[in-house]
Structure formats: C-alpha cells, structure tokens
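See below for the structure under consideration.
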Amino acid sequence: MTQGKSYIIGLTGGIASGKSVATDFLLKQGVHIIDADILARKAIENGSEGESLILEAFGTTDRKELRQTVFENKINADKLDAITHPIIIRLIEQELKAAKKQGHKVIVLVAPLLFECDLQRFCDQTWQVSADIDIRIKRAQSRDTASIGEIKSIIARQLPDKEREKLADKVIYNNDTVAELERQLVLVISG
Ligand code: ATP
C-alpha cells in the first residue's frame with residue numbers, strides 16, 4: 001500500500017455471503033467503510049431526486065410495491081436500476097472524495113454489485129466473499145423476511161461466485177464460522 005495515499009479496497013459477494021459481518025470486523029480494525037447499500041437507500045430517500053424519478057416512472061414510491069414490481073418483471077428491474085445506479089455511483093464518488101480528503105489510509109467500499117456496476121474502477125484492490133448457495137439461502141432466510149423466491153431472484157440477478165472469484169484480486173471463503181472469516185480477513189488485510 002502506497003504511503004500517504006488512500007488505499008481503496010472493493011469488497012463484494014452475493015446475497016448473505018457475509019459482507020456485513022466482514023464490514024463490522026473491518027470497522028473495528030480502524031478501516032473506513034463506504035457501504036453502497038446505505039447509499040442506495042439515500043439515493044431514494046424522501047425528497048430526493050431518485051424518489052421523484054421513481055414516482056414518475058412507476059407511479060409509486062412504496063418500497064413493498066416496488067419490490068414486488070421488480071421481482072415480477074425484469075424490464076422493471078432494469079428500469080429501476082437505470083434510475084438508481086447513476087445516483088448511487090455519484091454518491092459513492094462523493095463519499096470516496098470526502099474520505100480521501102479526511103486522510104483515511106484504508107477505505108473499504110462494500111458493494112454487492114461491485115463488478116456488475118464497474119465500481120472496481122474506483123478501487124486499488126478487490127475482495128470477493130464466497131459461500132455455498134445453500135448456506136447463503138439458509139442464512140438469508142434466517143436473517144430477513146424475504147421469500148425463497150425473492151432470494152433466488154436476487155441470486156439470479158447477481159454474478160455467480162465463480163465469475164466474481166475470477167474478477168477479484170482476493171477470495172475470502174465464508175462457509176465456516178465467523179471466527180474463520182475474521183482470520184482470513186486479517187490475512188488479506190495484512191497481505
Ligand atoms: P446482503 O448482501 O444480503 O446484505 P451480506 O453479504 O451483507 O448480505 P451478512 O448480512 O453479513 O451478509 O450475512 C448474512 C447472515 O448470515 C447474517 O445474519 C449473518 O449474521 C450470518 N452469517 C454471516 N457469516 C456467518 C458465519 N460465518 N457463520 C454464521 N452466520 C453467518
């Protein structure tokens with residue numbers, strides 16, 4: 001890692017792969033985190049440009065209704081992405097600029113769609129968190145209220161682990177305990 005300059009790591013992985021657990025640990029290690037999911041919510045918050053564009057396109061801003069619309073129809077999913085992704089990317093750029101200005105040495109950009117949205121262009125290095133699909137489905141089900149159909153539809157819209165593993169500089173496997181995940185994180189961060 002270059003002295004004085006911020007070093008940006010892009011952290012990705014599919015649904016329920018363990019990105020948030022990894023992020024919580026990295027935060028405790030003093031790493032600065034930029035979370036694309038938080039910015040995705042900010043992109044469509046009350047009074048935002050994203051909210052009015054969605055209202056115009058879908059006639060509603062109700063999250064549950066939108067989730068259903070997108071789940072049922074890929075054209076609508078693409079339409080929603082076309083509205084939100086440019087706003088999210090702009091917010092990421094702003095956060096990165098601010099974090100660099102604040103002098104953070106290591107910045108981790110956590111983004112489920114890091115490669116799909118070409119966010120690796122902002123990063124010096126990329127990490128992929130992988131876990132078997134059946135394990136991820138079980139973890140997702142015990143974590144959220146989403147149906148198995150919704151979870152599978154999200155998985156279908158994300159790149160498969162094998163593809164992300166080819167694109168990433170480092171791969172972290174999370175089929176085991178959280179302690180094992182943390183052990184690997186210590187190795188990759190010091191490497
Ligand atoms: P998403 O992209 O869907 O938000 P994520 O990649 O951030 O998911 P997490 O929220 O970190 O995934 O993990 C999914 C669930 O699995 C959480 O409830 C988390 O506590 C649990 N989990 C993650 N890793 C492990 C592990 N190694 N052992 C047991 N449970 C785990």
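Each ligand, and each atom within it, is numbered from 1 in the order the structure gives.
Here Asp134 does not pair with Lys138 in a salt bridge; the nearest charged N to carboxylate O distance is not below 4.0 Å. Salt-bridge formation is not detected for the pair Glu95/Lys100: no Lys NZ or Arg NE/NH1/NH2 atom is positioned less than 4.0 Å from an Asp or Glu carboxylate oxygen.
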Between side-chain atoms of residues 153-164 and protein atoms elsewhere (two or more places apart, or another chain), which donor-acceptor pairs fall under 3.5 Å?
unit_1 : atom_1 : unit_2 : atom_2 : d
Arg157 : NH2    : Asp81  : OD2    : 2.7
Gln158 : OE1    : Ile15  : N      : 3.0
Asp161 : OD1    : Gln128 : NE2    : 3.1
Asp161 : OD1    : Arg164 : NH2    : 3.2
Asp161 : OD2    : Ala131 : N      : 3.3
Glu163 : OE2    : Lys166 : NZ     : 3.3
Arg164 : NE     : Gln128 : OE1    : 3.1
Arg164 : NH1    : Leu159 : O      : 3.3
Arg164 : NH2    : Leu159 : O      : 3.2

Check residues 32-43 and write down every donor-acceptor pair under 3.5 Å in which the side-chain atom is one partner and the other belongs to a residue at least two apart or another chain.
unit_1 : atom_1 : unit_2 : atom_2 : d
His32  : ND1    : His104 : NE2    : 3.3
Asp35  : OD1    : Asp37  : N      : 2.8

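Cation-pi geometry between Lys105 and Tyr7 is not met at under 6.0 angstrom from the ring centre and within 45 degrees of the axis.
Every residue meeting the side-chain hydrogen bond (donor to acceptor under 3.5 Å, both in side chains) condition with Gln68, not counting sequence neighbours, appears here in chain and number order: Glu72.
For ligand 1, the protein residues within 4.0 angstrom (heavy atoms only) are Gly14, Ile15, Ala16, Ser17, Gly18, Lys19, Ser20, Val21, Arg139, Arg143, Asn174, Asp176, Thr177, Val178.
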